[in-house]
Amino acid sequence: MKAMKKIAFITHPQETHWVGDGFRVHNFIPYVPGLSMKEMDPFILLDYNAKMEVSPRDIPGGVGVHPHRGFETVTIAYEGEVEHHDSAGHGGVIGKGDVQWMTAASGVLHKEYHAREWSKKGGIFQMVQLWTNLPKQDKMSAPTYQSLPHQGMGRYELPQGNGWVEIIAGNYDGVQGPAHTHSPIALMNAHLQQGGKAAFSFPAHYNTAVLVVQGNALVNGQEVPTDNFVKFENEGEEFTVEATSADTIVLVMSGESLGEPIVSYGPFVMNSKQEILQAFEDFNTGKFGYLAD
């Protein structure tokens, strides 16, 4: 019989800051003590744009052209629409329930903002952006992009109509998510009706956490309100999530640490200071390609 995972701590959302003029986010990783890049690797950043009202505007809010190297950006849309373009020629719009998984790897320029047509109407906006670290062997590979519509997600129906588990990456009770990952990563949304309960199991040494995106939940019996984040200890394998309100959504993440040095500076995450300096040189000399504002 597997042991239960112990909760290390539960943290409320931190003070917001703006990313560009479109995304008002709470940062959990790496800002909160105990959630450093090393402690949460392969999850090295988590920005959470809690629900907010966006007024209609003709020029969409967002963040302009900027570089990345050495990791992946995973954007999960819960409400509203996000548009993306990058210097590798990838782009598109994601809406409610969709995910875009951009592997910056050797270097890419990108921009992201509220989708143009959605912005003209405005509405409720909510999203998560997660950065996942790349193994050293993959940091200088070619950039790639995965568009993951909600219709293509893995889906595990819970008993008695109490909800379902949506699998973005990894495997839940034999149901596989569509995302390709460079290291063992599980990323899932538990959609639960009041009283609905889902059990999860991941190896003890994986770095594991959950974020209550909507509603309220009991995590291993402990109450966790909307927008709160739970980090587990690296011992035990199993935990449960139970909804105490209707239409609860809980983001579940678990991954194996790469066990490699992490050196970060702004939009670059590499294994050494020299590699960071090289990233700046390559960016300044145009090796990340071109992308119009």
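Residue numbers run from 1 in the order of the sequence given.
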Is there any ring pair (Phe, Tyr, Trp, His ring centres under 6.0 Å) pair reaching into residues 127-149, and which pairs are they, with sequence neighbours excluded?
His68-Trp131, Phe71-Trp131, His84-Tyr145, His90-Tyr145
Shared-cluster residues of Tyr113, by chain and number - hydrophobic side chains joined below 4.5 Å:
none
Which distance, rounded to the nearest 0.5 Å, do you find between the OG1 of Thr75 and the CG of Leu148?
11.0 Å
Separation between CE of Met102 and CD of Gln146, rounded to the nearest 0.5 Å:
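Met102 atom CE to Gln146 atom CD measures 12.0 Å (nearest 0.5 Å).
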Could you tell me whether a side-chain N or O of [X] sits under 3.5 Å from a main-chain N or O of [Y], the two making a donor and an acceptor?
| X | Y | answer |
| --- | --- | --- |
| Ser119 | Arg57 | yes |
| Asn207 | Asp41 | yes |
| Thr248 | Gly215 | no |
| Asp86 | Gly91 | no |
| Lys139 | Gly70 | yes |
| Asn27 | Gln14 | no |
| Arg69 | Ser106 | yes |
| Asn271 | Ile262 | no |

Check whether any side-chain heavy atom of [X] sits under 4.5 Å from a side-chain heavy atom of [Y], and report yes or no.
| X | Y | answer |
| --- | --- | --- |
| Ile76 | Leu130 | no |
| Ile168 | Met153 | yes |
| Gln129 | Thr73 | yes |
| Phe43 | Thr132 | yes |
| Met37 | Ser264 | yes |
| Val210 | Phe200 | no |
| Leu187 | Val74 | yes |
| Ile124 | Met52 | no |

Just by distance, no angles: are the side chains of Asn228 and His12 close enough, under 3.5 Å, to form a donor-acceptor pair?
no
Pair Gln126, Asn49: side-chain N/O donor-acceptor within cut-off below 3.5 Å
no
Would you name the heavy atoms of [X] and [Y] that are closest together and state the gap between them?
| X | Y | answer |
| --- | --- | --- |
| Thr181 | Ala169 | CG2-CB, 3.9 Å |
| Pro56 | Lys121 | CG-O, 3.3 Å |
| Leu192 | Lys197 | CD2-N, 4.4 Å |
| Pro135 | Leu258 | N-CD1, 3.5 Å |
| Gly107 | Pro143 | O-CG, 3.5 Å |

Any ion pair linking Lys5 and Glu237 (charged N to carboxylate O, less than 4.0 Å)?
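Lys5 and Glu237: not salt-bridged.
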Check this for me: does any side-chain nitrogen of one of Lys136 and Glu275 sit under 4.0 Å from a carboxylate oxygen of the other?
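Glu275 and Lys136: salt-bridged.
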With side-chain hydrogen bond (donor to acceptor under 3.5 Å, both in side chains) as the rule and sequence neighbours excluded, what pairs involving residues 163-174 come up?
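side-chain hydrogen bond (donor to acceptor under 3.5 Å, both in side chains) check on residues 163-174 returns Tyr156-Asp173, Glu166-Asn189, Asn171-Gln176.
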Tell me, which pairs form a side-chain hydrogen bond (donor to acceptor under 3.5 Å, both in side chains) where one or both residues lie in residues 214-223, sequence neighbours left out?
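Qualifying pairs: Lys51-Gln214.
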Less than 3.5 Å apart, which donor and acceptor atoms pair up between the side chains of residues 283-292 and the rest of the protein, not counting sequence neighbours?
residue, atom, partner, partner atom, Å
Asn284, ND2, Phe280, O, 3.1
Thr285, OG1, Glu281, O, 2.8
Thr285, OG1, Asp282, O, 3.3

Side chain to side chain contact (heavy atoms under 4.5 Å, CB included) between His150 and Arg155, intermediate numbers included
CA-CA 10 Å; His150 70 276; Arg155 182 172 171 130; over 6 Å; no
Dump the intermediate steps for ring-ring contact (aromatic ring centres under 6.0 Å, His included) on His110 and His66, then the final yes or no.
CA-CA 6 Å; His110 86 139; His66 58 285; 4.4 Å; yes
Single-linkage hydrophobic cluster Val250~Met253, side-chain heavy atoms < 4.5 angstrom:
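Different hydrophobic clusters.
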Residues in ring pair (Phe, Tyr, Trp, His ring centres under 6.0 Å) contact with Phe23, at least two apart in sequence or another chain
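Checked Phe23 against ring pair (Phe, Tyr, Trp, His ring centres under 6.0 Å); matches are His114, Phe125.
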